[in-house]
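Bear in mind that the values here come from a model prediction, so they are computed numbers and not experimental data.
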Amino acid sequence: MSKHHELIVIGSGPAGFTAALYGSRANLETVVFEGQQPGGQLTITTEVENFPGFENGVQGPEMMDIFRKQAQRFGTKTFYETITKVDFSQRPFQMWSDTDKHYTADAVIISTGATARLLNTESEKKYWGFGISACATCDGFFYKNQKVFVVGGGDSALEEANYLTHFASSVSVIHRRQEFRASKIMIDRAKKNPKVDFVLDSVIEEFLGEEQNGIKRLTGLSIKNVKTGEFTRHDTDGTFIAIGHVPNSQVFEGILDMDDEGYLITKGKSTYTNIPGVFACGDVQDHVYRQAVTAAGSGCAAAIDAERWLADNK
């Protein structure tokens, strides 16, 4: 049997929970499908210090639990299921979850986020959040007067490297080739920055660290030169992986308009997709800012767009 809801939010995180909060407060019967990573990327983030209202910072998982409970307080229901198939060709919109359940909705908000491309090594997993990050804007502040590395060769990597020089004493960019994919202006800017140096034709073979009293900390990198096969050890206080993000939009391929990278396209400054009644917010449609606070803001906008659209399309 299918279950009908007035508003379904696909995906959680700051965007999804904020959309649900506003939807529920607008007296819309609202459900959130939290997906494969309940709470979004912030659940694998340690300290969050740049979200307004948390004067002394907050742990990422704790922050997402607060978001969830606040939405639930106003009537939002949250399901730990992943939507694996959708049919937006007619109303009510149809969705199927990984538990083989069928759902329908009058309006849908998509907030499935994006996933940082990682190196996917065991040592990376071990020290993730303990010296390894994928967001310089989020975590650069913690590395004042320290030595950090950035992995990548595109605009994102060199932009992160330049940004980190506001805090770190030195920034080394590791890239597997001599040539960069980045634009010339970003390359020139990085090369002219006295705090930035380059480790080229190289890849990280292993992240090194220590653990004391149950607390892990990244302390170094084992780096391999791909041309000579030589290994070198480098001390570091932090490493930023900047090899891109993948929007979690695969289930909507061929249904919703996307750009070449898979980010959902919304109309103008709104959260409207190409299908009336389906809205998108957060990192699944934002490849520029990718911050918790901007995701939350777009979740608010999506709920307001959905509420107004529903009022006009009863």
Side-chain angles (χ1 to χ4, degrees), residues 1-43 48 51-54 58-84 86 88 91-113 248 251 270-273 275-285 292-314:
M1 293 180 62
S2 64
K3 177 68 174 176
H4 183 79
H5 300 284
E6 197 169 7
L7 175 63
I8 281 181
V9 180
I10 304 176
S12 46
F17 286 136
T18 303
L21 171 64
Y22 272 78
S24 292
R25 282 178 52 83
N27 289 326
L28 299 176
E29 191 259 322
T30 304
V31 165
V32 175
F33 288 92
E34 295 213 28
Q36 294 179 346
Q37 191 175 68
Q41 294 183 70
L42 283 184
T43 57
V48 179
F51 199 96
F54 293 93
V58 61
Q59 294 294 309
E62 179 188 357
M63 181 178 173
M64 285 300 91
D65 194 45
I66 293 170
F67 272 51
R68 180 185 293 109
K69 289 176 178 176
Q70 187 176 7
Q72 290 172 339
R73 175 189 165 201
F74 291 98
T76 295
K77 297 177 182 176
T78 56
F79 296 158
Y80 292 101
E81 299 177 37
T82 301
I83 297 299
T84 56
V86 300
F88 295 155
R91 292 181 65 197
F93 302 119
Q94 299 187 74
M95 286 141 281
W96 291 263
S97 78
D98 56 354
T99 60
D100 294 326
K101 293 179 182 177
H102 178 244
Y103 300 92
T104 60
D106 295 324
V108 175
I109 294 175
I110 297 167
S111 57
T112 47
N248 301 322
V251 70
S270 78
T271 62
Y272 280 74
T273 68
I275 295 180
V278 178
F279 307 87
C281 58
D283 287 9
V284 74
Q285 57 87 49
V293 67
T294 53
S298 68
C300 163
I304 292 173
D305 283 345
E307 177 199 357
R308 292 174 178 173
W309 183 84
L310 283 168
D312 292 338
N313 293 273
K314 287 290 186 182

Audit row: Phe88, Thr273, side-chain contact (heavy atoms from CB on, under 4.5 Å) steps and yes/no = CA-CA 11 Å; Phe88 295 155; Thr273 68; over 6 Å; no
Set of side-chain hydrogen bond (donor to acceptor under 3.5 Å, both in side chains) partners for [X], sequence neighbours left out:
| X | result |
| --- | --- |
| Ser298 | none |
| Gln72 | Thr78 |
| Thr76 | Ser24 |

Measure the spacing between [atom1] of [X] and [atom2] of [Y] and express it to the nearest 0.5 Å.
| X | Y | atom1 | atom2 | result |
| --- | --- | --- | --- | --- |
| Ile83 | Gln94 | CD1 | CD | 12.0 Å |
| Phe74 | Leu21 | CZ | CG | 6.0 Å |
| Arg25 | Arg73 | CZ | CZ | 8.0 Å |
| Phe17 | Met64 | CZ | CE | 7.0 Å |
| Phe54 | Met63 | CZ | CE | 5.0 Å |

Least distance between heavy atoms, [X] atom then [Y] atom:
| X | Y | value |
| --- | --- | --- |
| Glu81 | Ser97 | OE1-OG, 2.7 Å |
| Gly23 | Thr30 | C-OG1, 3.6 Å |
| Gly35 | Thr82 | C-OG1, 3.3 Å |
| Ile109 | Ala306 | CD1-CB, 4.2 Å |
| Val32 | Ala20 | CG2-CB, 3.4 Å |
| Ala15 | Ser111 | CB-CB, 4.0 Å |

message = Working note: Asp305 + Thr271, criterion side chain to side chain donor-acceptor pair (under 3.5 Å); need CA distance, chi angles, decisive distance, verdict.
response = CA-CA 7 Å; Asp305 283 345; Thr271 62; 2.7 Å; yes
task = Please tell me if the side chains of Gln285 and Phe279 come closer than 4.5 Å, counting only heavy atoms from C-beta onward.
result = no
ask   = Are the side chains of Phe93 and Val278 in touch, meaning some heavy atoms are under 4.5 Å apart?
value =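 Yes - at least one pair of side-chain heavy atoms lies under 4.5 Å apart.
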request  = Scan residues 2-11 for pairs that pass side-chain hydrogen bond (donor to acceptor under 3.5 Å, both in side chains), counting only residues two or more places apart or in two chains.
outcome  =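 Every side-chain hydrogen bond (donor to acceptor under 3.5 Å, both in side chains) pair that includes a residue of residues 2-11, provided the two are not neighbours, is His4-Thr104, His4-Asp106, His5-Glu29.
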note = With sequence neighbours left out, the residues meeting ring-ring contact (aromatic ring centres under 6.0 Å, His included) with Tyr22 are none
task = Can you label the angle between the Phe79 ring and the Tyr103 ring as parallel, tilted or perpendicular, going by 30° and 60°?
result =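 Correct class here is tilted.
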inquiry  = Tell me whether the rings of His102 and Trp96 are parallel (<30°), tilted (30 to 60°) or perpendicular (>60°).
reply    =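 Rings of His102 and Trp96: tilted, as their planes differ by 30° to 60°.
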inquiry  = Using a 6.0 Å cut-off, check whether atom CZ of Arg91 has over 12 heavy atoms from anything other than its own residue.
reply    = yes
request  = Output all residues satisfying side-chain contact (heavy atoms from CB on, under 4.5 Å) with Thr112, sequence neighbours left out; order by chain, then residue number.
outcome  = Ile10, Ile110, Asn248, Phe252, Val284
ask   = Are Asp312 and Arg308 ion-paired here, with the side-chain N under 4.0 Å from a carboxylate O?
value =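 Here Asp312 does not pair with Arg308 in a salt bridge, since their nearest N and O are not under 4.0 Å apart.
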